[in-house]
Every structure is written in C-alpha cells, then in structure tokens.
Amino acid sequence: MSSSEDDVPLARANGRANATPKMKSPATNGDLDPGVSVRFGPVQDADVDMKDVDAARGASKRKSRTSIDRKKSYVEPESSEEEDKPLSKRRRTSVKHEDPETDEDVPLALNGRKLPKASETAIGEESDSDVPIEKKLTAQKKKIEQKATKDARAARKAPAKKESKPAAATKKQTNGTESVTPKKGKAKVKAESEDADEKEEEEDEYKWWEDPTKGDGTNKWTTLEHNGVVFPPPYEPLPKNVKLKYNGVPVTLHPEAEEVAGFFGGMLNSTHNVENPVFQKNFFTDFKDILKQTGGAKDAQGNKVDIKEFIKCDFKPIFEFYDAQREEKRNLPPAEKKKIKAEKDEQEAAYQFCTWDGRKQKVGNFRVEPPSLFRGRGEHPKTGRVKTRVLPEQITINIGKEATENINGNYKYVMLAANSDVKGQSDYKKFEKARELKKYIDKIRKDYQKALKHDMMVERQKATAVYLIDQFALRAGNEKGEDEAETVGCCSLKYENISLKPPNTVIFDFLGKDSIRFYDEVQVDPQVFKNLKIFKKAPKKNGDEIFDRLTTSALNKHLQNYMQGLTAKVFRTYNASFTMSNLLKEMKATGTIPEKVKAYNDANRRVAILCNHKRTVTAGHANQMEKMGERIKGLRYQKWRLKQQMLDLEPTLKKKKGAAFFERDEDLTVEWVKEHQAFLLEEQTQKIQKKFEKDNEKRVADGEKEMKTSELNERLEVVKDLEKKYAKENKSGKVEAEGRGPTVEKIEAAIVKLDQRIETMSVQAQDKEDNKEVALGTSKINYIDPRLTVVFSKKFNVPIEKFFSRRYARSSSGPSSLWKRTGSSNHSIPS
DNA sequence: CTTAAGACTTAGCATGCGGTAG
DNA sequence: CTACCGCATGCTAAGTCTTAAG
C-alpha cells in the first residue's frame, strides 16, 4: 500500500480552502479535462468547497440527435378521454388495501420484523398463479398479463386500510445549512449541532424504514463524519534493466512517460484491449504527448530517440517484469499473504466506515482510482486514453464544482456501500415503486394497446415504445454523445436494429448498454408490427431513428401521468420481479438443498435472460464442454460393452431384444474407440505411477527402502492385460463378461445405473452450455425484489446465505428483516 | 422546448480465493 | 494433493433520470 504520506485523507488534503486552482494534465490533448473530483456522496449541500474550474471543459459533453425533419402530419388527435387523465389524483384513494391477504404485504415495515407468509411474495402476492412454466418467456406473456390485469384490478378495488408507504414524510428536518468543519484530521460535516445528542443509542437497532424523516429523499443526513479517501501509491519506476524498446533499442524515459508505457506494457495479456486499433491509437497519441512534455526518450548513450511509430514499440520487457512481479506475489506463502492483507486492512480501517447521522456506515469506494488506460467498452472512441493521476487538491468534500475526470468529464463519487442504510432505503423504495406499478399496469397496457392506432404519430410512437419496453424489457434509450460508443435502447433504436418479418415477427439486433448485443426474434401485436413498418417507411434509411418523434423524457413524462415516479426503468424492475415471483410461487419444495438452490437459480436465469444480462464466455469453456462430451461418450461406450457382455452370457438375447439394441452408437467409431481405449490405458498408467511414487515417498519418510522399478512394472501389468483385452475385443467384436459371477440381471442393473449417469451428465452439459453467457448476478442484485428471495428461503428452508453474499446483504436493517439479515445479531455493523 | 450537468443505479470484467472433483 | 472451477469481491464504465438554464 501507499506510504502514509500519500494516503492523504480527504479532509486533510483539503479541509476546505486551500483550493488549488487547477492542475495541468500532463496527458491531455486539449479537448480533455485535467482533474477529477471525488465527491463524498449523496449530495445535498450547496456549499462549494473548492473550485477547480477548467475553461476547456464542456466541449466534450455535446449530445447529438439526428433529427429527421419529415413533417408527417396526421389528423388532429382525438381529445383524450376522461380515463386518460392523470391518475395521480385517483391514486391517492386507491393506494390502500383491505384484502387481508395483502395485509402484510404492504407496509412490511409497520409490522416490525414480521415476515410475509411464505405463500405470499412481495410482488404479485395474490392467489396462486396458473401460469405454467414454459421454455420461452414470451410464451407466458399473455397469461402473465392477464394475471397482472386481474391483480391490478383487485389492488385498485381494495379500499383503503393502510398507508402503503412505510414512511410518509410528515416531519421534515431541514439541513440546508451545512458547512464543512475539519477537525482533528477528520472531515466533519455537520448541520444542526443540536442534533448530535439525539442520535440513536442502539446503532444496530436502527430501523430506517420506520424513520419518518427518511421518506422524501431530499435530506438524507444531518451529520456526517468520514476520513476521506485513500490515494494510490506513487509510481515506482522500473528497474534500470527493464526498458521499453523502440526499434529494438532499449530507451530511457522520464518516469511519467515510463509510467504510461507501463500501463500498456502491464496489460499485454489483455489482447482484447491491446490489439484494438482504437485503443492503440488513443494510447499512443497520449503517450507521445507525454513524451514530448517530459523530454522524450533516450538510448543508452543518451542520444535522443524519436518515438513515432506504435508498431516499433516493444513493451514485452515491461510486461515480463510486471508479470513476474504478479507471479511472485501469487506464489507468496499463504501466511505471508495473510499478513500483507491484514496490514493493509489495518491501514485502511479508518476509511472503511463513516458516521452517518451518528451511525456507523460502510463506505463503498474510498480508494481513489489509480491512473491507468481508459478501458471503454465496445467501440468506444476514447478507449485507450490515459487516465491521469488524481491529486489531493482535486478532491472535493461532498460538494464542489467544476472538477471532473479527464476522459469523459465525469465526476467520480464516493458513496456508501450497498449494505448501508441509505442505499437500503433507496433500494427499498425502488422495489416499492415497482410494486406500485402493479396497480396501474393493466390500465397502462390497455391504453397503449389503444394508442397504437392513434392518429398522431407521436402518440403512436409513444405507445409502441411503451409496448416494447413493457414486453421485451428494453431500456429507455437516451441519446448518446458523439464521443461515446454507439449503443441504443428503445427510444434510440435505429432503422437497422429492427427487421420485420410478416406477418408479425420482429427481429431485434442491436448493441445495448456496455455494447452487449441484444438479439431476439419475437412475435408482436399485429398493430405494433404495422406501426414499426410505418416508422421505418422511406425515406427513412439506415442510421435513422425509428422513434424519431420520441425522446426518453417525453416518454417518461407520459408515464408519470399514471403514477408518480413511474419511468421506463421501473418496467424492467417490475417485470423482472414479477416473473421471479411467479416462478418461485410455482416451485415445488422438494429435493435437497442444492437442488432447491438450483431451482432458484433456474428461475433467476429466466429473469437474467429477460433482462439480457450477459457475461463473456470463459476462456476454458469450449475445452470443458469437449471434456464433458468425451466423458459422456465414454459412458456410452461402457454401456455398449455391458450389452456385449450380456450377449456373451446369453447369445439368444440378440433375437429377443433385436440386433439394434446391441449396436454401438454411430458416433462411437472404430477410430474413436481406439483413441478412447488408449486414453483409458494412459489414465490407468498415470494413476498407478502416481500411486507408486507416493508410496515410495512414504517409505522414505518412514525410513524404509524404496521399491524398485520392477515393482512398478509388476503393478503396470494390469494395464498390459487391459490393453490385450481391448485388442481382443476390437478383433472379435465381442466382449467377455466381467466381474464376479456376472449374470444378465446384474448387467442390466449396471446399465440402468449407467443410463442415469449419462442422463445426469448430459443435463449438466446442457445446463452449462445454456448458461455460458448468462450472468445471474445483475438481475439478482438489481432487479429481483430481495423479499422474494427471503420468502423463498423461508418457505423452502434454504439458508439465505445461499443467495446473498455479505456484500449484498441489504444493510443490517430493513423492512421485515428483508433488507436485514434475518435474525442476525447485526454483525454487519462492526464496532 | 432543448441541452447540459449532476446524481445515482446498473453493468460486466479482472482477480484471487476457497471448495471440491479427480 | 492438486488442478480446476465457480464465485465473491473490487473496480469502474455506462446507463437512467432529474433539474436547471437558456
């Protein structure tokens, strides 16, 4: 870790005022900003602590919208009917429930620690669904929708009984007057000092969901204490003998330039970046820049070496050095590793937690991002550029203006960890919002169904977009800037992203967030099909937007009419949780714990597929599949051998069972069989040899004499025999019955067992293949209401730890122990 | 209305560790 | 016991959405 000198805590780095105007970035090209601001999170304060204004900034944030100026005019809109009026008012009366069944469902918080009944789940908690689990999610859609409609009606009908919000913002505390008061090396941000005495006695019993001040989300804290951030260690120059080579000549660089060369050299194993021409180009541009600023490169004699061609740069020496270093670290004895880790933990302990309204809370990211090369994903135009080092004077406490990172001009934030109270609160709100959508979903669907035929182009586009977002879980699709990768979401779908196949098949093919490909062939409502055809009509062409009259803000504004706070993303949460809820509800509580976990994961996977969450296929995947395939084939070969043994015992069986029964599977060719036999023999040999060696070692240890090679050879006789046996089998095409007292019955039983093994393994292989590019984590963490998982865990008696790691155990507190680790003794707030 | 800035959530990748199959 | 695999964790990029200003 860094020396203490470099670990300038936030508060010390800049308690407040020694605001250094700005730093020049050694590696900028003019259009980029130097400087980064790390803000200590949730911002709610307007005080400007320090400024770091760079006039050059701003140029990069331009967004573009290819507007298509066709003025397609449709007939005047029919005035919207009564029911189309904002629902927000009506909402107030319909929020409440009476249905006893949903009783617990609602303000879980108000019930203290009580959990919903196992049969109830947070979303769609009503009667058992009759939606069958189908292969394809789309196939269920109709039924699911019908059910949703039913649910929504029921929800609306139910008269009021309880407030559905856990914490109405009845008492609002003001805290608009914060100021920053550095104190004893700590950043202490305080608002109302008189509040200080009011803080909870029992930290770990704090139930934020019952706190009336936590409702409206404007004031998140009144007091905040933290120790700022940790800076990365300073650059450590390479040893003298490790140098970048240019045109074969080792060159000496100024440490700053060397560091940048090191960024590239250190990642030579990441071919995916290093071989990307854009990455190379951007890196090299920035690298040359820094060379220029630092006096360039020199050879051993001190002569200048002009570095101008990327291909002449050889980073391998640098790579080898860093790789060896990594290797060394990896090979450290475990005890040593532990010690190092403990030391680091101790050094950083002070930064791990902050005090938030008097309660100890985990900080999410207190380490300042080290300098490196920007790894933009997909075809990001800036990928490979140098991210400059962040200096203490660029850090802003909580608030501040005009200082951003140098690549995209963004702020970086320090926020609390996912398991902190604040994060728990917003998480909770998010899922509550999704559940609220449940009450309006049928209306929304009915409306867009109708509006699909609207006379106004805008309205049609709006309806069609909502349809797509609702049905296929598309993201909203905001506009993107020129200097970002070209990815799209619903509203920004381009002409070429959608193909239409009559009568009503739509093929989506586009790059979404993180440049992850979204490809799906789906059936749509006939009217949607017609609309998309209209939206694609000439003169629209490749590159033009399908929803050219629609923006995400217009769409979201429309959604707000139904429900306060309703936006496009809520549909993803809603549909994900709703799907999960239905799947879990139908699950049978049988089998072992691993089997139940598997069943849960299968449901999880369906949601992940819905949301198009992917991962890159692991490097070894193809190999692993190959291996599994071989093993399955091997089993089938053994099965064939068993059958032959039956014939050996009872030749008449051939007639009885039919010749086909005894034939070898076609893919088990003669050559394959020979190879496989060789493999088996080799395997056997290895095993015996290893055993022999080990036995000898043991003998030596025991002070006995080693066995001779003759002993080994004797042991290897088995293999020889086996080899002979195979040879004989190959020649005769027959297999002699094996084992003690073989009977046809015994062999039949063995075949049954083998069949089971083959079956299990085939399923496993299929599973692995189907799962190779599906990422379960994202949907589990961000989309599936955790209460569903808790209910499942209780109902099926599977420990919750099987589903949530410490990292995501939603804070130590939460409504009905759901954002809390149930029954835990609150270990997650260390003291 | 459009645009930009700002705050915060959602996202996949790298890495290392611990469990386990062989 | 070792090699391998899957997963937790750390990291930071890339979205969404709100707000404010012109």
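Naming: A, B, ... by sequence-line order, numbering from 1 per chain. Side-chain atoms are counted along with the backbone in the values below, which use heavy atoms only and exclude waters and symmetry mates.
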Asks: Classify A/Arg475 by what it touches in the nucleic acid, base, sugar-phosphate, or nothing, heavy-atom distance under 4.0 Å.
Replies: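 If one applies the 4.0 Å heavy-atom cut-off, A/Arg475 turns out to touch the sugar-phosphate alone, with no base involved.
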
Asks: Take the angle between the ring planes of A/Phe578 and A/Tyr574 and call it parallel below 30°, perpendicular above 60°, tilted in between.
Replies: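 Plane angle under 30°, so parallel.
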
Asks: Regarding A/Lys329, tell me which of base, sugar-phosphate or nothing describes its non-hydrogen contacts under 4.0 Å with the strands shown.
Replies: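 Answer is nothing: A/Lys329 stays at 4.0 Å or more from every strand.
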
Asks: Are A/Ser779 and A/Asn604 linked by a side-chain donor-acceptor pair shorter than 3.5 Å?
Replies: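 The answer is yes; a qualifying pair exists.
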
Asks: Classify A/Thr618 by what it touches in the nucleic acid, base, sugar-phosphate, or nothing, heavy-atom distance under 4.0 Å.
Replies: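 Result for A/Thr618 = nothing.
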
Asks: Please work out if A/Gly777 contacts a base, only the sugar-phosphate, or nothing of the nucleic acid, heavy-atom cut-off 4.0 Å.
Replies: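 Nothing: the residue A/Gly777, judged by heavy atoms under 4.0 Å, touches no strand.
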
Asks: Taking the side chain of A/Pro370 as heavy atoms from C-beta outward, which of B/dT10, B/dA14, C/dT12 is closest to it?
Replies: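 It is C/dT12.
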
Asks: Whole angstrom is fine here: how far is it from NZ in A/Lys557 over to C1' in C/dT16?
Replies: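 Result: 18 Å.
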
Asks: Scan A/Gly376 against the nucleic acid and name what it touches under 4.0 Å (heavy atoms): base, sugar-phosphate only, or nothing.
Replies: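 A/Gly376: backbone/sugar contact only, no base atoms under 4.0 Å.
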
Asks: What contact category does A/Lys387 fall into here, base, sugar-phosphate, or nothing, at under 4.0 angstrom with non-hydrogen atoms?
Replies: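 Counting heavy atoms under 4.0 Å across all strands, the contact made by A/Lys387 is with sugar-phosphate only.
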
Asks: With a 3.5 Å cut-off and no angle check, do the side chains of A/Lys802 and A/Ser793 form a donor-acceptor pair?
Replies: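 No pair is found: no donor N or O on one side chain lies under 3.5 Å from an acceptor on the other.
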
Asks: Within the modelled atom types, does a donor on one side and an acceptor on the other bring the side chain of A/Lys513 and the base of B/dT10 under 3.5 Å apart?
Replies: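 Between B/dT10 and A/Lys513, which were checked side chain against base, a qualifying N/O pair under 3.5 Å is present.
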
Asks: Is it true that A/Gln461 and A/Asp548 share a donor-acceptor pair across their side chains at a distance under 3.5 Å?
Replies: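 The criterion, which ignores hydrogens and geometry beyond distance, is satisfied for A/Gln461 and A/Asp548.
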
Asks: When rounded to the nearest 0.5 angstrom, what is the spacing between CD in A/Glu773 and CD1 in A/Ile609?
Replies: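 Result: 9.5 Å between the selected atoms.
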
Asks: Once you apply a heavy-atom cut-off of 4.0 Å, does A/Ala568 come out as touching a base, just sugar-phosphate, or nothing?
Replies: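 Sugar-phosphate, no base atom in range.
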
Asks: Is A/Arg326 touching bases, backbone alone, or none of the nucleic acid, heavy atoms closer than 4.0 Å?
Replies: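 Nothing, no nucleic acid heavy atom in range.
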
Asks: Where the side chain of A/Gln624 is concerned, which of B/dC8, C/dC17, C/dG6 is the nearest nucleotide?
Replies: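 Per side-chain heavy atoms of A/Gln624, the pick is C/dG6.
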
Asks: Rounded to the nearest Å, what distance is computed from the CG atom of residue A/Asn478 to the C1' atom of nucleotide C/dT18?
Replies: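 A/Asn478 atom CG is separated from C/dT18 atom C1' by 11 Å.
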
Asks: Under 4.0 Å, heavy atoms only, any strand: does A/Lys768 hit a base, just the sugar-phosphate, or nothing?
Replies: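 Sugar-phosphate contact only.
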
Asks: Could you tell me whether A/Gly620 contacts a base, only the sugar-phosphate backbone, or nothing, with contacts defined as non-hydrogen atoms closer than 4.0 Å?
Replies: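 Nothing, no heavy atom under 4.0 Å.
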
Asks: What is the nucleic acid contact for A/Thr552, judged by heavy atoms within less than 4.0 Å: base, sugar-phosphate only, or nothing?
Replies: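 Here A/Thr552 touches no strand at all.
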
Asks: Hey, does A/Asp514 reach any base, or is it just sugar-phosphate, or nothing, if we go heavy atoms under 4.0 Å?
Replies: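 Sugar-phosphate: the residue A/Asp514, judged by heavy atoms under 4.0 Å, touches backbone atoms but no base.
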
Asks: Assuming nearest nucleotide by heavy-atom distance, tell me which of A/Glu683 and A/His613 is located more 5' along DNA chain B.
Replies: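 The residue mapped nearer the 5' terminus is A/His613.
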
